[in-house]
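This structure is a prediction, so every number in the text was calculated from the model and none was measured.
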Amino acid sequence: MARIAFILLCHKDPEAIIDQARRLTRTGDYISIHFDARGGKETFEAIKDGLKDNPNVAFATKRIKCGWGEWSLVQATIYALEAAEAAFPRATHFYMLSGDCMSVKTAEYMHDFLDRNDMDYIESFDFFASDWIKTGIKEERLIYRHFFNERTQKWLFYQSFWWQRRFGLERKIPDDLQVMIGSQWWCLRRRTVEWILDFIKKRKDVMQFFRTTWIPDETFFQTLVPHLVPEHEIQTRTLTFLMFTDYGMPVVFYNDHYDLLISQDYLFARKISPEAKELKKRLGDLFAAKGVQFKISNEGRSLFEFLTGRGRDGRRFSQRFWETESSLGRDRELLMIVCKKWHVAKRLVSQIKAKTDIPCLEYLFSEENTPLPDLGGIEKSLEKRTRHRRAWVRMLLDYFETNRMVVCIDPAGLDLIRDFYNDRSGTRLLEIECEFSDEYLTGHAKRTGLAGDQTPEDALERLLPTIRADINHEGDRIRDAEFENYDRISQSKPPEENARPLARFLDISEDDAREIVSMHYLFSD
């Protein structure tokens with residue numbers, strides 16, 4: 001049966017460290033602790049004293065001072081690994097943790113999971129080919145030597161960097177290594193750890209290389225594992241659930257996140273707030289429990305993005321106007337149909353195409369696979385369509401050899417609508433007002449990743465009012481914008497009443513409009 005040796009790097013809060021070590025070893029697992037030398041000798045002695053009677057606790061072979069982005073974090077991990085490998089011969093897996101991590105499953109679940117999957121779990125993406133690094137220096141992390149800490153010695157860090165660049169002092173990456181990158185939170189099998197420790201002793205050139213790379217805790221183990229282990233024995237993922245805000249800061253979990261955390265397909269989570277006493281107690285009690293069944297819905301990241309995005313007008317990732325200088329053309333007219341129920345708008349569009357000669361396109365700014373003509377590749381990317389929105393629509397008008405065109409837009413795209421209204425072309429807007437049953441909202445939550453098939457009913461009941469309010473808010477924002485040439489048809493109105501606004505929108509007769517909206521299943525789910 002699996003036995004885990006947890007590798008804990010920590011630097012503060014001795015009482016929390018003692019509690020964490022006792023909790024994780026309670027069910028027969030082990031822990032090896034590296035306490036940062038900056039934390040003070042007295043604090044470290046207090047931790048040792050608190051755990052002196054626990055045979056399942058070991059301490060790193062050496063304590064060093066650690067700094068973010070430095071080799072010291074990797075070296076501290078190696079010291080803790082060496083201690084764990086020697087002290088716990090029955091350990092089958094080694095799991096990297098920080099003091100902010102908490103288990104979100106039972107030990108029983110973890111052991112069974114690792115027994116069923118004979119794999120190493122570590123994020124390991126190609127350093128140069130992947131987009132794992134979003135901002136800042138990339139290849140410069142490797143090809144130049146970094147002797148100073150960018151956070152605490154900024155001037156020296158950049159002076160050294162620029163001098164090396166100026167004089168062409170680049171260095172080669174070891175020939176037999178493919179540098180990989182990923183999260184520092186991994187779980188490795190004993191055989192893999194033994195191979196790594198043996199490699200460290202033999203390959204002084206590789207050790208020297210990584211000692212002067214920048215942020216090596218994101219590349220060292222991530223490179224060595226695929227170098228030493230067959231690819232089919234590696235799962236390129238972490239078993240620790242963590243999220244980042246759109247400002248690059250780690251999401252912190254509090255007392256009300258218990259249900260969300262235990263439903264994710266992970267074994268641990270970080271960061272848990274120090275103030276979340278109730279959450280820590282519940283998760284601590286859960287770890288030692290027996291026979292617990294978990295419903296894995298795994299919608300945590302999508303739900304976080306949805307909830308934090310609500311009401312944040314002008315947020316960082318909102319759409320930007322890249323093409324303000326381009327225009328559809330003064331003599332052209334864009335007809336926008338806005339509807340949250342995409343299938344309803346698509347049904348209406350199919351009738352418009354059948355009854356008129358107006359070209360109609362579906363959700364071309366929201367749906368990757370919407371049918372589009374070949375326009376040289378720009379049509380293949382949602383990002384390109386949105387960034388070059390006016391030029392893109394102008395190309396479509398040229399392609400169809402028309403001055404009028406219908407497009408469908410999601411109500412969330414208010415900035416998109418405003419941009420087209422600011423154009424010199426003529427613009428019309430038709431909103432389709434729909435009713436939203438709980439069944440539809442549940443399906444919507446699952447389609448968008450806010451819920452899964454295993455999401456508990458009580459969690460859905462709490463989520464549905466929020467989704468309904470969010471949809472209503474989108475509609476209110478569109479009406480509050482007071483766009484010119486705005487019309488609305490509604491699910492609650494008969495075809496005779498809906499025909500008049502549709503006729504105005506399309507500039508057709510009311511009889512033709514009535515025929516279009518009389519489709520008996522137009523609004524059905």
Side-chain angles (χ1 to χ4, degrees), residues 1-10 20-21 23-25 27-32 77 80-81 84 88 91-125 132 180-193 196 217-218 220-222 224-226 229 231-244 250-251 253 257-258 260-272 279-280 283-284 286-289 292-302 304 452 454:
M1 186 178 74
R3 281 287 178 264
I4 306 169
F6 296 104
I7 307 301
L8 177 65
L9 300 191
C10 48
Q20 189 176 28
R23 180 177 64 254
L24 293 177
T25 58
T27 56
D29 290 315
Y30 314 98
I31 192 167
S32 179
T77 305
L81 269 178
F88 310 126
T92 60
H93 294 76
F94 297 77
Y95 196 119
M96 183 75 179
L97 289 176
S98 77
D100 296 320
C101 294
M102 284 286 293
S103 56
V104 294
K105 297 291 187 293
T106 62
E108 182 180 64
Y109 180 98
M110 293 184 191
H111 296 154
D112 180 64
F113 178 91
L114 295 174
D115 281 336
R116 286 185 287 107
N117 303 279
D118 186 22
M119 308 285 285
D120 291 312
Y121 293 87
I122 182 168
E123 283 190 351
S124 191
F125 304 101
W132 203 85
M180 311 294 279
I181 191 168
S183 166
Q184 63 268 53
W185 312 111
W186 39 254
C187 177
L188 304 177
R189 295 167 298 174
R190 183 179 194 91
R191 183 187 65 178
T192 302
V193 167
I196 290 172
D217 57 322
E218 293 179 351
F220 181 76
F221 292 101
Q222 296 78 0
L224 263 57
V225 172
V229 178
E231 183 180 357
H232 66 273
E233 295 183 20
I234 302 171
Q235 280 279 340
T236 304
R237 58 161 295 191
T238 174
L239 295 179
T240 299
F241 181 61
L242 64 159
M243 296 191 297
F244 291 88
V251 173
F253 299 109
H257 287 125
Y258 177 83
L260 180 146
L261 291 176
I262 66 171
S263 66
Q264 306 311 306
D265 188 20
Y266 295 86
L267 305 185
F268 281 78
R270 73 179 305 268
K271 290 184 165 186
I272 308 297
L279 176 62
K280 288 186 174 183
L283 291 176
L286 176 69
F287 184 71
V292 179
Q293 299 296 314
F294 295 92
K295 294 182 177 180
I296 307 299
S297 56
N298 218 34
E299 72 276 13
R301 286 191 173 87
S302 299
F304 172 78
Q454 300 299 322

Next on the checklist: If the test is side chain to side chain contact (heavy atoms under 4.5 Å, CB included), which one of T27, L114, L97, L267 qualifies with I4?
Outcome noted: L114

Item to check | For the student: nearest non-hydrogen atoms of M1 and R3, plus distance | outcome: CE-NH1, 2.5 Å

Item to check | Counterpart residues, side chain to side chain contact (heavy atoms under 4.5 Å, CB included), relative to T25 (two or more places apart) | outcome: I31, N54, N56, V57

Item to check | Residues which pass side chain to side chain donor-acceptor pair (under 3.5 Å) with E233, listed by chain and number, not counting sequence neighbours | outcome: R189, R191

Next on the checklist: If I compare all heavy atoms of Y266 with all of V104, which pair ends up nearest, and what's the gap?
Outcome noted: O-CG2, 3.5 Å

Next on the checklist: I'd like to check F268 versus Y95 (side-chain heavy atoms, cut-off strictly below 4.5 Å). Are they in contact?
Outcome noted: yes

Item to check | Partners meeting side chain to side chain donor-acceptor pair (under 3.5 Å) with D115 (sequence neighbours left out) | outcome: none

Checklist entry - Is I272 close to L261 at the side-chain level, that is, under 4.5 Å between some pair of heavy atoms? => result yes

Item to check | Parallel, tilted or perpendicular: ring planes of F294 versus Y109, cut at 30 and 60 degrees | outcome: perpendicular

Checklist entry - Taking all non-hydrogen atoms of both residues, which atom of S32 and which atom of A80 are closest, and how far apart? => result OG-O, 2.8 Å

Checklist entry - Given V251 and H257, is the side-chain contact (heavy atoms from CB on, under 4.5 Å) satisfied, shown in steps? => result CA-CA 11 Å; V251 173; H257 287 125; 5.8 Å; no

Checklist entry - Are any of the side-chain heavy atoms of Q20 and L8 separated by less than 4.5 Å? => result yes

Item to check | Approximate separation, where rounding is to 0.5 Å, of F6 CZ and S103 OG | outcome: 7.5 Å

Next on the checklist: Under a 3.5 Å distance rule, please check whether K105 uses its side chain to pair with a backbone N or O of Q264 as donor and acceptor.
Outcome noted: yes

Item to check | Donor-acceptor under 3.5 Å (T106 side chain, L286 main chain) | outcome: no

Next on the checklist: Restricting to non-hydrogen atoms, name the atom on M180 and the atom on P226 that form the minimum distance, rounded to 0.1 Å.
Outcome noted: CG-CG, 3.9 Å

Item to check | M102 and K280, any side-chain heavy atoms less than 4.5 Å apart | outcome: yes

Item to check | Residue pair E123 / W132, side-chain heavy-atom distance below 4.5 Å | outcome: yes

Item to check | Nearest-0.5 Å distance, CG of residue D217 to CG of residue L9 | outcome: 9.0 Å

Item to check | Heavy-atom check, side chain of T77 versus side chain of W186, under 4.5 Å | outcome: yes

Item to check | side chain to side chain donor-acceptor pair (under 3.5 Å) partners of D29, counting only residues at least two apart | outcome: H111

Checklist outcome for this item: All heavy atoms of Q222 vs all of S124, minimum pair found to be O-OG, 2.7 Å

Checklist entry - Side chains of T192 and L224: closer than 4.5 Å at any heavy-atom pair? => result no

Next on the checklist: Can you tell me how far apart CZ (F253) and CZ (F241) are? Round to the nearest 0.5 Å.
Outcome noted: 4.5 Å

Item to check | 4.5 Å side-chain heavy-atom contact, V229 and L188 | outcome: no

Next on the checklist: Minimum heavy-atom separation for L239 and C187, please, with both atom names.
Outcome noted: CD1-CB, 4.1 Å

Item to check | Counterpart residues, ring pair (Phe, Tyr, Trp, His ring centres under 6.0 Å), relative to Y121 (two or more places apart) | outcome: F113

Next on the checklist: Under the rule for side chain to side chain donor-acceptor pair (under 3.5 Å), what residues qualify as partners of S98, not counting sequence neighbours?
Outcome noted: R270

